[in-house]
Amino acid sequence: MKIVVLAGGLSAERDVSFVTGKTVSEALRSKGHQVLLVDVYMGYGKTGDCLEGIFGQGGADCLQSARIAELAPDIETVKNMREDTADGFFGPNVIALCRMADIVFIALHGENGEDGRVQATFDLLGIRYTGSDYISSAIAMNKKISKQFFAAHAIPTPRGIAMHKSERGKDAAQWGIGFPCVVKPCCGGSSIGVSIIHTRAEYEKALDEAFRWEDEVVLEEYIKGREFSVGVVDYQALPVIEMAPLKGFYDYKNKYQAGSTIETCPAQIPPETARQMQEYAVAVAKAIGLDTYSRMDFILDSENRIYCLEANTLPGMTPTSLLPQEAQAAGMGFADLCEKLVTISMKRRRNPLERV
């Protein structure tokens, strides 16, 4: 098949997306597919370039190196790197290339990629793509809304509220949230802007950091415990994986810097606890409509109570990512996993403009 792997973008997870895109591209090429790896924001070439035969030329590579630094990229610097003068999200020739492909593998993370806007655009243009549809993506991306879905479907989650930037002056206690607590951007990913706080001074600093990324944040009760994740592919749960950071919590650095976290899959927990966590993961996927693949994050406290933290609609596919490790534990290699996601998506994401 002709496949465009779409990476990059303008979210804080831009670097993570590049590594996902590069790894997925190599895997799909090993399966014999004609793959183009394209930076959705920078685009490919110049508007009006002849694209005939491009899928037979070995593919286009992102201009930046696929490497994840300890800190998230500066987006304004990225914007200034684009050569064309257009101010849209899609760079030169991106839409044209996507329409030429049999399917687009969305390797984007964070804003635009995971919030449903790219998916909605592709639906309108009749472009097939991997992953969840635009409605499910938007629900999962918004932690305030997804927590409401968890509650409605009896999926345990830490108690929390959403705060808009205009409400910044209110004390955490006025929201019924005491210390310690967690402050996080409402729609962010990769734990960017997330803080665990214990004092008023830390609270103010955490709000500064979270509001740096967006205008709405979530205040959540802090649950001390072990951190786990469960991938779901085609509504089937993968083995549970445990993430044990050597220092601090499972933040941006500990997620992507090799050697920062000990990851164990299958997780060393009682079988009944693993089964319950997997059942919750599938329940989240069904409640929100994450029908292709997703990954749910959990906390297990000292009394073996399980809390679902969030749902990820486009889990990372980097060398240190969790979903591929879980698939491997289930006997599925990385290339096979990538091809399976394409196969499922081809069936589920029928071109809405085709005549039946």
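Keep in mind the model is a prediction, meaning the values are calculated, not measured. Here, residue 1 is the first one in the sequence, and each next residue gets the next number. All values below were derived from every heavy atom in this structure, side-chain atoms included, with hydrogens, water molecules and symmetry-related copies excluded.
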Checklist entry - Looking at side-chain heavy atoms only, is the closest gap between Tyr134 and Thr121 below 4.5 Å? => result no
Item to check | Test salt bridge (charged side-chain N to carboxylate O under 4.0 Å, His left out) applied to Glu326 - qualifying residues, sequence neighbours left out | outcome: none
Item to check | Set of side-chain contact (heavy atoms from CB on, under 4.5 Å) partners for Ala327, sequence neighbours left out | outcome: Leu238, Met332, Leu337
Checklist entry - Taking side chain as C-beta onward, heavy atoms only, is Glu310 less than 4.5 Å from Ser146? => result no
Item to check | Which atom of Val5 lies closest to which atom of Ala107, heavy atoms considered | outcome: CG1-CB, 3.9 Å
Next on the checklist: Between Thr130 (side chain only) and Val342 (backbone N and O only), is there a donor and an acceptor less than 3.5 Å apart?
Outcome noted: no
Item to check | Those residues that, when tested against Asp102, pass side-chain contact (heavy atoms from CB on, under 4.5 Å) (two or more places apart) | outcome: Met1, Lys2
Item to check | Pairwise distance CD1(Ile3) to CZ(Phe55) - rounded to 0.5 angstrom | outcome: 9.0 Å
Next on the checklist: Using only atom types and a distance under 3.5 Å, with no angle test, would you say the side chain of Glu114 pairs donor to acceptor with the backbone of Leu314?
Outcome noted: yes
Checklist entry - Quick one: do Arg200 and Glu204 make a salt bridge, cutoff under 4.0 Å? => result yes
Checklist entry - What pairs meet the side-chain hydrogen bond (donor to acceptor under 3.5 Å, both in side chains) rule with one or both residues in residues 334-344, with sequence neighbours excluded? => result Lys31-Asp336, His33-Glu339
Checklist entry - What are the two closest non-hydrogen atoms of Val232 and Val282, and how far apart are they? => result CG2-N, 4.1 Å
Checklist entry - So, Glu242 side chain and Ala267 main chain: donor-acceptor pair closer than 3.5 Å or not? => result no
Item to check | Mutual orientation of the aromatic rings belonging to His198 and Tyr222 [parallel < 30°, tilted 30-60°, perpendicular > 60°] | outcome: perpendicular
Checklist outcome for this item: Taking every heavy atom of Ala210 against every heavy atom of Lys184, the minimum-distance pair comes out as CB-C, 4.4 Å
Next on the checklist: Looking at every heavy atom in both Thr292 and Leu341, which two are closest together, and how far apart are they?
Outcome noted: CG2-O, 4.1 Å
Checklist entry - Sub-3.5 Å donor-acceptor pair from the side chain of Ser11 to the main-chain atoms of Glu13, do we have one? => result yes
Taking distance alone, no hydrogens or angles, what donor-acceptor pairs closer than 3.5 Å link side-chain atoms of residues 302-309 to residues at least two apart or in another chain?
unit_1	atom_1	unit_2	atom_2	d
Arg305	NE	Asp301	OD2	2.7
Arg305	NH2	Asp301	OD2	3.1

Next on the checklist: Please give me the minimum heavy-atom distance between Val4 and Cys98, naming the atom from each residue.
Outcome noted: CG1-SG, 4.1 Å
Checklist entry - Within the side chain of Ser132, is there an N or O that forms a donor-acceptor pair under 3.5 Å with the backbone of Ser137? => result no
Checklist outcome for this item: So CZ of Phe334 and OG of Ser30: to nearest 0.5 Å the spacing works out to 9.5 Å
Checklist outcome for this item: On a heavy-atom basis, the closest approach of Thr273 and Ile269 is CG2-CD1, 4.1 Å
Checklist entry - Under the salt bridge (charged side-chain N to carboxylate O under 4.0 Å, His left out) test, which residues partner Glu279, sequence neighbours left out? => result none
Checklist entry - Below 4.0 angstrom, N of the basic side chain to O of the carboxylate: do Arg29 and Glu26 qualify? => result no
